[in-house]
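Right, one structure below, let's go through it.
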Amino acid sequence: MKNILFIGAFLGAITITNAQNKTKISDNVIHLLKKKKAYNKADNFGFTVQIYNGYERTAKSKRAKFQMLYPNVKTKLVYNEPDWKVQVGNYKSRLEADRAMLLFKKEFSGIIVVPKGNKTF
């Protein structure tokens, strides 16, 4: 009987201790975490792989070929006067982008990894 009471008291103390250790996350912290997550998903963060830089017609052709070969990878045409660029993928780290570049090099030559947004690496 003493053992049962001791075990019951011990389990009750653990429950009370666990309840006291739980912290309540404020609404401000949750809001900031959501903003950070949204910012990280935006197009101005991370790296992309540039598979072409040059004439418009060739850029559109390269983009179409890429979309046929890799339909699940995001592609984007970018115009910086006087050149057109075909950029593919949205990678969080340089390592991810480098791995993708190695895969894409099988079909496209002269490709490079490009930082997105205001970051310079």
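- Between atom CG of residue Asp27 and atom CG of residue Leu32 there is a gap of 11.0 Å, rounded to the nearest 0.5 Å.
- Remark: Glu56 engages Lys60 in a salt bridge (Lys or Arg N to Asp or Glu O under 4.0 Å) (not counting sequence neighbours).
- Listed by chain and residue number, Val78, Lys85 satisfy the side-chain contact (heavy atoms from CB on, under 4.5 Å) test with Asn80 (two or more places apart in sequence, or in another chain).
- Judged as a ring-ring contact (aromatic ring centres under 6.0 Å, His included), and not counting sequence neighbours, the contacts of Phe66 are Tyr70, Phe104, Phe108.
- Within the 4.5 Å cutoff, side-chain heavy atoms of Leu77 are placed close to those of Val86.
- Taking hydrophobic clusters as Ile, Leu, Val, Met, Phe, Trp and Tyr residues chained together by side-chain heavy-atom distances below 4.5 Å, Val114 does not share a cluster with Ile51.
- Between atom NZ of residue Lys76 and atom CD of residue Gln50 there is a gap of 10.5 Å, rounded to the nearest 0.5 Å.
- Between atom CD of residue Gln87 and atom CD1 of residue Ile111 there is a gap of 12.5 Å, rounded to the nearest 0.5 Å.
- Heavy-atom minimum distance, Val113 versus Ala97: CG1-CB, 3.6 Å.
- Partners of Asp98 under the salt bridge (Lys or Arg N to Asp or Glu O under 4.0 Å) rule, at least two apart in sequence or in another chain, are Arg94.
- No continuous path of ILVMFWY side-chain contacts below 4.5 Å connects Leu95 to Phe47, so the two sit in separate hydrophobic clusters.
- In this structure, Ile112 is not a member of the same hydrophobic cluster as Val49, with clusters built from ILVMFWY side-chain heavy atoms closer than 4.5 Å.
- In this structure, the side chains of Ile30 and Lys34 come closer than 4.5 Å at one or more pairs of heavy atoms.
- Between Lys74 atom NZ and Asn90 atom CG the span is 5.5 Å, to the nearest 0.5 Å.
- Heavy-atom minimum distance, Trp84 versus Ala59: CB-CB, 3.7 Å.
- Nearest heavy atom pair, residue Tyr91 against residue Ala100, reads OH-CB, 3.3 Å.
- Nearest heavy atoms, Thr48 versus Val88: OG1-O, 2.8 Å.
- Lys65 meets the salt bridge (Lys or Arg N to Asp or Glu O under 4.0 Å) test with no other residue; sequence neighbours excluded.
- Shown here are the side-chain contact (heavy atoms from CB on, under 4.5 Å) partners of Ser61, two or more places apart in sequence or in another chain: there are none.
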